[in-house]
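Heads up, the thing below is written out as structure tokens.
Lettering of chains follows the sequences in order, A, B, ..., and the numbering in each one begins at 1.
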2 protein chains.
Amino acid sequence: MTSIDDVARASGVSTATVSRALRGLPNVSPATREAVMATAEQLGYVASSSASGLATGRTLAMGVVVPNVSRWFYSTVLEGIDAELRAVGYDTILFNLGLKGEDRERVFHRSILRKRTDAVIALCLDFTPAEREQLASLGHPTIVVGGPVPGLRHLGIDELAVARAATEHLIGLGHRDIGHLAGIPEPGLNKRVPQRRRRGFEVALGAAGIAVHPEWIEQSDFQISAGREAALRLLARDPRPTALFAASDEMAIGALLAARELGIDVPGKLSIIGIDNHALAETFGLTTIAQDAFGQGRRAAQLMLAELAGETPRPSQLRVATTLIERATTASP
Amino acid sequence: MTSIDDVARASGVSTATVSRALRGLPNVSPATREAVMATAEQLGYVASSSASGLATGRTLAMGVVVPNVSRWFYSTVLEGIDAELRAVGYDTILFNLGLKGEDRERVFHRSILRKRTDAVIALCLDFTPAEREQLASLGHPTIVVGGPVPGLRHLGIDELAVARAATEHLIGLGHRDIGHLAGIPEPGLNKRVPQRRRRGFEVALGAAGIAVHPEWIEQSDFQISAGREAALRLLARDPRPTALFAASDEMAIGALLAARELGIDVPGKLSIIGIDNHALAETFGLTTIAQDAFGQGRRAAQLMLAELAGETPRPSQLRVATTLIERATTASP
DNA sequence: TTGAAAGCGCTAACAT
DNA sequence: ATGTTAGCGCTTTCAA
């Protein structure tokens, strides 16, 4: 493993000069810099991250804590984060908690988050008070993406407003019999997201003077399969609603599948709207309220980077914009 | 930031003893160990990974290079890897290349893979000769999961045999008019996977004395949307096949959607089989050849860990098992 | 069983 | 513009 000394010796300068030259610091003559870079290249030298990390106190790595990596929102945010970090030479260290949360203890119990990362981005998780405190006391920048957590900085959409806008789109179309495919609190995941989306639904109905029919609300997790099953239950009711607001696009797609199976024409007999603009939304012609998950990842990474660069922390609750995308699953009743 | 010295001082022993006690090394009296552990816990001490990395030459981190993290196979393998690593205290450092591969240069050009990880797992990527050489010369254990790469160690299914088995399932059911939704070579991704799956299809037909109809083969990427479009094109032909072998479950699901849109009964008028046992396969009642992506991730991680522990490297091509899962999308013509 | 001390490879003052 | 040198926090001989 070639070290900085090898490069210094080979190019006839001191290690300090090599260090300066390679990192693009000032006070190195162009000729020297070029020579050093050439020998470094030739020797295949790369600085040891352990050594420079020890010397500088910086690891050039960001911890990203995710509940899992197979759902659209999480994987997309993760890609946004990684893209941003990669561009500035930062590494992404993944902490995949797993939905069951067996490893949470290991991750949080003052273990790995510490000393290996310069900052931490957490996705849409539910934290115990102890975990929250540990995150806060980490001493380095932290942000949560996707679901507000009291006491921690946060970046995400306005869950309640988005749910309300989706419901109002349906109401605007003339629907008054509206059902809701609600999210269910999942262990380890932020419970506020399903709660607020449901609340937004209820608020929209209330504001329009429409009564909430509890029998037209079904709960499931945010995925296609569960959404389909919930919709199957809901649509079996008589009477059934003329429109459905699903708490996520995946659930909406599940509802679409259920409607097809039951021979219910969409949007003829049933309108469906979701939230996300999932990768499959376009394929299914789904009307939805789009949120930019990739952009949220980038944005969160940028914020952390800026803080690490010495910028003073910005306001603690950042709201990102959403847009209604009308496609083919909503129409007047 | 509490250091080992703080712990040593607080517990009245030397740093060496603290180090030994905390890492579970022998030659520490039970009483001392307990005392050290208690003060460490109380002080919230965690060893700096930079410092121990520098001292030992081990980073306790594994590099995982993925083309992206939003497709089922990749995200699932990644979760398997992370689960295994987490259990032994290793960290996962993610290198998300992005399909467009803009960042490949940065990752590979003797940069970050080096000195930050003890081993590297790469997923199903296509490497340039230069990249391959860099991986091989990294000096630490390396393995590729998901698509064989000449000159690198590999773990995965037997692509050709699996495709053949899927096709033979269709033939066994009595089909002779069989089409294929083939994968397309995607930039940066291993081209052998779509190629071999197509070859397996052709071999199976050949062995059964059935002619290949080129007009019944359509190409697309491995995803649902593209699979649906390819199936739409293919099923528009007259005559059309009575069965379809899709190179992936996502494509098969796309075909299922296409068939529904065209009013073609599955499996009455059209049988469909895929490969993977994707999370959605069950929801769609899809017959498929299952591969255990999570298990492959675990396995790959285990192999790397074993080698790091000094075990001699195992044979270089590891095949993992697959199983046919008959569900509701295949039947006799 | 425990401690002293020499590094691991790099960075950052401080000199020159 | 370049060199010298003292750490960064830990592990690991080697002694005791």
Side-chain angles (χ1 to χ4, degrees), chain A residues 1-37 39-40 43-61 89 110-112 114-118 139-140 308 310, chain B residues 1-37 39-40 43-61 89 110-112 114-118 139-140:
Chain A
M1 218 49 354
T2 48
S3 78
I4 198 172
D5 290 293
D6 300 323
V7 180
R9 216 169 301 126
S11 42
V13 296
S14 71
T15 61
T17 301
V18 172
S19 178
R20 284 189 282 251
L22 259 25
R23 287 182 301 151
L25 296 188
N27 297 326
V28 180
S29 79
T32 310
R33 189 186 303 271
E34 203 162 323
V36 169
M37 284 171 61
T39 42
L43 265 47
Y45 168 75
V46 189
S48 148
S49 61
S50 297
S52 59
L54 184 54
T56 60
R58 281 281 171 95
T59 63
L60 298 185
R110 60 185 72 237
S111 80
I112 330 181
R114 242 177 178 118
K115 311 249 186 116
R116 175 150 233 156
T117 58
D118 294 337
H140 54 221
L308 289 170
Chain B
M1 215 62 335
T2 47
S3 78
I4 198 172
D5 289 293
D6 300 325
V7 180
R9 216 169 303 127
S11 42
V13 296
S14 71
T15 61
T17 300
V18 172
S19 178
R20 285 189 281 249
L22 259 25
R23 287 183 301 148
L25 296 188
N27 296 326
V28 180
S29 79
T32 310
R33 188 185 305 270
E34 202 161 325
V36 169
M37 284 172 60
T39 42
L43 266 46
Y45 168 75
V46 188
S48 147
S49 62
S50 297
S52 60
L54 182 55
T56 59
R58 281 281 172 96
T59 64
L60 297 185
R110 58 184 72 237
S111 80
I112 330 179
R114 247 183 176 110
K115 312 254 185 112
R116 175 151 230 154
T117 58
D118 294 337
H140 54 222

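- Between A:S3 and B:V13, the residue anchored closer to the 5' end of DNA chain C is B:V13, taking for each the nucleotide with the nearest heavy atom.
- Atom CG in B:L22 sits about 9 Å away from atom P in D:dT11, given to the nearest Å.
- Closest to the side chain of B:S19, from the set D:dG9, C:dG3, D:dT11, is D:dT11.
- Of the listed nucleotides (D:dT12, C:dA12, C:dC10), C:dC10 has the atom at the smallest distance from the side chain of A:I4.
- For D:dT2, one of the phosphate oxygens OP1 or OP2 lies less than 4.0 angstrom from a side-chain nitrogen or oxygen of A:S29.
- At distances below 3.5 Å, not a single donor-acceptor pair connects side-chain atoms of A:R20 with backbone N or O atoms of A:L25.
- Note: CG (B:L25) to P (D:dT11) measures 9 Å, nearest angstrom.
- Mapping B:T56 and B:T17 onto DNA chain C by nearest heavy atom places B:T17 at the nucleotide closer to the 5' end.
- Residue A:R23 is classed as a sugar-phosphate contact, given heavy-atom separations below 4.0 Å to backbone atoms only.
- Looking at A:T59 and A:D118, their side chains do bring a donor and an acceptor atom within 3.5 Å of each other.
- Look at CZ on A:R58: it is 18 Å from C1' on D:dG9, rounded to the nearest Å.
- As judged by a 4.0 angstrom heavy-atom cut-off over every strand, A:S50 is placed among residues making no nucleic acid contact.
- A donor atom on one side chain and an acceptor atom on the other are found under 3.5 Å apart for A:R23 and A:S19.
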